[in-house]
Amino acid sequence: MRTYDPHEIETRWQAIWDEQGAYRDTEDLSKPKKYVLEMFPYPSGDMHMGHVRNYTIGDAVARYYRMRGFEVLHPMGWDAFGLPAENAAIKHHLHPAQWTYANIETQRNSFKRMGFSYDWDRTIIACDKDYYRWGQYIFLKFWEKGLVERRRSPVNWCPTCGTVLANEQVIEGRCWRCGTSVERRDLEQWYYKITEYAQELLDDLDKLPEWPTRVKQMQANWIGRSEGGEVDFTLCDEAGAPTDEVVTVFTTRPDTLFGATFFLLAPEHELVARLVKGTSYEASVDEVIDIAEHATAVERSMGDRERHGAFTGRYVVNPINGDRLPIWVSDYVMTDYGTGAVMAVPSGDQRDFEFARTYGLPISPVVLAEDDRLMGRLAGVRERIVDDVDWEHAFDAEGVLVQSGEFTGMRGGKDSEASTAILAKLAEQGRGRAVINFRLRDWLISRQRYWGNPIPAIHCEHCGIVPVPEEDLPVELPMDIDVANGETLADDPSFYNVPCPVCGRPAHRETDTMDTFTCSSWYFLRYVDPHNTRLPFDRTKVDRMLPVDHYIGGIEHAILHLLYSRFFVKAMRDCGMLDFDEPFEHLLTQGMVTLNGETMSKSKGNVVAPEQPIAQYGADTLRAFMLFLAPPEKGLDWKENDDGSNEGLGAMFRYLTRTWRLVETLHGEVDPDAPVPVEGDRDAARDELERKMHEVIGRVTDDYASMSFNTAIAATMELANTTQAYLRITTAKQRDVRLCEELASVIVRLLAPIAPHWAEELWTVELGRAGSVTTAPWPVADAERAKAAQLEMAVQVNGKVRAHIVVDAEAADGMVESMAREAVARWIEGMDVKKVVVIPGKLVSVVVR
RNA sequence: GCCCGAGUGGCGGAAUGGCAGACGCGGAGGUCUCAAAAACCUUUAUGGGAAACCAUGUGUGGGUUCGACUCCCACCUCGGGCACCA
């Protein structure tokens, strides 16, 4: 008998696996494939429990499928561009590359110490030019396809990070990275036109049945599809007479068009300045513009905020009834949604209602609930009634139209009969059309930072902005930039000054780099063919290995990374680079790891690192514990005692130690500490043990397939308990040797994906099996032998369990029923038995009255 | 405000509409020991009872069903996402 010594075992096997390249994907075409992937980490240098959990889940999945005979691709890499490297560089006077590569080295060693089964030959480092050059290549392909645009528009600016941000990277008005309130700026920037895929990104969520509904819902909300119409209002001149010019609005409620009593423009709308220039209205309008400009994103995103407005002195004509509506400017109208102009219907929209009350603008009822007393009064009224409203709120539910000309009496509301009819009428006159709008904005990908992938574009005075020719890739990020002293790419003449690739005259390079999220939007494709020097990847290889079968990562990427990656795949498909629609088949979003109920963060100084638990109990114990404590998608609270220990962890170590001894005993070794056998029915225990083994193999197999690792481990514990009960009533000579041997090999294999070092040592050394447990065949359950000869069934009387009976598994229902009646005789005596339901193998339900 | 998700012992959690609480932590008692640790055994939802057993019990209130943690309706609480998107 050997003591279970995790440290000696783990370091030994890790060295062997490393040396043998044990987890290399051999691209064996004869096997079915599984691509198991965990979101690659940012190399911050330290591993925390969130990493441990995420990568342990993925590793268990990968190891399970290897044993099931799949060709498994399970790679790991580093999302290595980004701001923390620059900040660290400034702080420590290092180059960002130095800091990054040193961190990668440390973190890779930590990962190896956990025994994760990665194909390290396929490692991708996002800041390696062999990788980022292909990010530039994809940029050029997208550009060719018309999916890249450089334009001036209002953007989010993070003053702390000194760069612009994409919409998705602003969380509640704050920078996703540093938490600073972002500012609005009007800048010329580079965009990926993700909005062209808005509809497909929304529709294809239905093709992802294996994604959590939560994530799909979040993406659907983010894309934010609204069906409605555009309506053209005619602009009037200073004298109030109609001109030829129209101002278009977007609305989801065309049915309320008769209720429009004023008209709104966003402060940034191009028309505003023209309308008020030199008029007496200019000053008050400018004030509103000023307020809008200076509001921070945090202020703008607050719920009940004050709305500011000013009259422009001008009017538009409502195309449906010829009403003249005053044009106001207000900061609650957004420039970059719809057309930046809005028809205001205070009776049907709460914001318009409040604005009307504040500024004394008229309110005209158009849609009412059928029983509203106003309905009666308004029926047959010819003159339009305005302001006869004493409600507290606008009425935005479904109802019936009043005061709406020929449409009066129709059903109104979102997507209503009246909406369709009014829009049709406008369309006939060429003054309106059905339109679908999305909340999703184009992806702003340029960043005013050094440590990122250079955008391959050149600014030429004569030719404009031109792409770097494909053969000139990569545009290498120069390494001699002194970030710590504030140098930027523009300060490096050898980078900045280049001849124009079109005309050959002096030009200069684009100095913005790409958003790091562009690096993570396609890395999962590169793993399939990481050493390709001609292309980002070989198309046949990608088409064979993708989509990723199991993708595992944090919920914080529900929108960001997961939406961008979906867009990339669709855009690359349209560029002819691959042939599928969605990158990730099955998505598991693991829950957060907290410490005593609190989120871990560096600033709080409560980040739990795996080093201490590993030093105490080894990696296998930590892995098994993390998987056992909670189902993967739920949050996991790491409870720490005052001395830093964790009780559950010790319990898991005891379990591995106990099963280690169990396996050795089953294999025929004598346990000097074994208790003296006690009396018991040995044959019955043997039969029950064999049955239990098959039952547990079946359950554990199903649990791995559905990633219920906690119940998989629990099932092995049940098997261990049953085994122990058998060993307790037998001496070595009394045992069924063949069953014991089989059981030993089964227990080892069932736990191998979770505790790989423990299993490898038992498998190859203790049990003396040929070959690694990694490639050992997964045990197969014999469903017949998992069945018991006799079953215990519950007997219910009127839904309450009153007795238990033991019946033969093969017993006929009639037989079972009469046994059941006998067992509950005292409960049904003198009663009228109305019905008896027999659920074979489960229970008998007797209904009496 | 809109949209998701979740409410089960002291704790983490388990239950294709079929015996609620598997498995584990913690607790209590015990074996071994001079003693302790380790290991092993028994026990552990609540109330009543010496016990067999009885009653109650999966956030609340209804409903469907022979039977509901599970399905339906309404509500409460917590967590998350979006948020002036017309």
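Labels below follow one simple rule: chain letters A, B, ... track the order of the sequence lines, proteins then strands, and each chain is numbered from 1. Only a predicted model underlies this, so the values are computations on that prediction, with no experimental measurement involved. Note that these values count all heavy atoms, side chains included, but never hydrogens, waters or copies made by symmetry.
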- Query: Between B:A20, B:G24, B:C66, which one does the side chain of A:Met717 approach most closely?
  - Reply: B:G24
- N or O in side chain of A:Asn721 less than 4.0 angstrom from B:G24 OP1/OP2: yes
- Could you run through nucleotides 1-11 of chain B and give me one letter per nucleotide, 5' to 3': B if any protein heavy atom sits under 4.0 Å from the base, S if only the sugar-phosphate is that close, - if neither? --SSS-----S
- Hey, does the side chain of A:Thr711 come within less than 4.0 Å of B:G13's phosphate (OP1/OP2), counting only N and O? no
- What distance, rounded to whole Å, do you find between the two P atoms, one in B:G62 and one in B:G57? 12 Å
- Taking for A:Ala630 and for A:Gly338 the nucleotide of RNA chain B with the nearest heavy atom, the one nearer the 5' end belongs to A:Ala630
- When both distances are under 3.5 Å in a Watson-Crick or G-U wobble arrangement, the nucleotide paired with B:A51 is none
- Query: Is the shortest distance from a Lys or Arg side-chain nitrogen in A:Arg691 or A:Glu688 to a carboxylate oxygen in the other one below 4.0 Å?
  - Reply: yes
- Should the ring pair A:His557 and A:His561 be called parallel, tilted or perpendicular, given that the plane angle runs from 0 to 90° and is split at 30 and 60? perpendicular
- Message: Quick check for you: among B:A83, B:C66, B:C40, whose closest atom lies nearest to any side-chain atom of A:Trp222?
- Response: B:A83
- With A:Val844 as reference, evaluate A:Val837, A:Val807, A:Val816, A:Asp813 under the side chain to side chain contact (heavy atoms under 4.5 Å, CB included) test and give the passing residue. A:Val816
- Mind checking A:Arg225 for me? I need base, sugar-phosphate or nothing, with any heavy atom below 4.0 Å counting as a touch. nothing
- Remember a base hit wins even if backbone is also touched, and classify A:Met218 as base, sugar-phosphate or nothing at under 4.0 Å, heavy atoms. sugar-phosphate
- Task: Kindly point out which of B:C23, B:G26, B:U16 is positioned nearest to the side chain of A:Arg654?
- Result: B:G26
- Query: Think A:Arg658 has a side-chain N or O under 4.0 angstrom from the OP1 or OP2 of B:A39?
  - Reply: no
- Query: What is the nucleic acid contact for A:Pro631, judged by heavy atoms within less than 4.0 Å: base, sugar-phosphate only, or nothing?
  - Reply: sugar-phosphate
- Nearest of B:G24, B:G18, B:A83 to any side-chain atom of A:Gln796? B:G18
- Item | For B:G26, glycosidic torsion class - syn if within 90° of 0, otherwise anti | anti
- Query: Can you tell me the Watson-Crick or wobble partner of B:U64, both distances under 3.5 angstrom?
  - Reply: none
- Query: For atom C1', what is the distance between B:A74 and B:G27, given to the nearest Å?
  - Reply: 41 Å
- Message: Does B:A83 have its OP1 or OP2 closer than 4.0 Å to a side-chain nitrogen or oxygen of A:Arg439?
- Response: yes
- Given B:A86, B:U16, B:G13, which nucleotide is nearest the side-chain atoms of A:Lys842? B:U16
- Message: Please classify the nucleic acid contact of A:Phe628 as base, sugar-phosphate, or nothing, using heavy-atom distances under 4.0 Å.
- Response: base
- Message: Among B:G18, B:A86, B:G24, which nucleotide has an atom closest to any side-chain atom of A:Ser226?
- Response: B:A86
- Which part of the nucleic acid, if any, lies within contact of A:Arg661, taking any heavy atom under 4.0 Å across all strands shown: a base, the sugar-phosphate backbone alone, or nothing? sugar-phosphate
- Task: Using the six-membered ring wherever Trp is involved, compare the ring planes of A:Tyr564 and A:Trp443 and label them parallel, tilted or perpendicular (cut-offs 30° and 60°).
- Result: parallel
- Message: Regarding A:Gln350, tell me which of base, sugar-phosphate or nothing describes its non-hydrogen contacts under 4.0 Å with the strands shown.
- Response: nothing
- Message: Which nucleotide, if any, forms a Watson-Crick or G-U wobble pair with B:U56, using both distances under 3.5 Å?
- Response: B:A45
- As its Watson-Crick or G-U partner within any shown strand, both distances under 3.5 Å, B:A20 has none
- Under a 4.0 Å N-O cut-off, is there an ion pair linking A:Arg2 with A:Glu664? no
- Task: Report yes if at least one side-chain N or O of A:Tyr337 is closer than 4.0 Å to OP1 or OP2 of B:A86; otherwise report no.
- Result: yes
- Message: Applying the Watson-Crick and G-U wobble criteria at under 3.5 Å, what pairs with B:C2? Answer none if nothing qualifies.
- Response: B:G81
- Query: Counting only side-chain N and O atoms of A:Arg802, is one of them less than 4.0 Å from OP1 or OP2 of B:A55?
  - Reply: yes
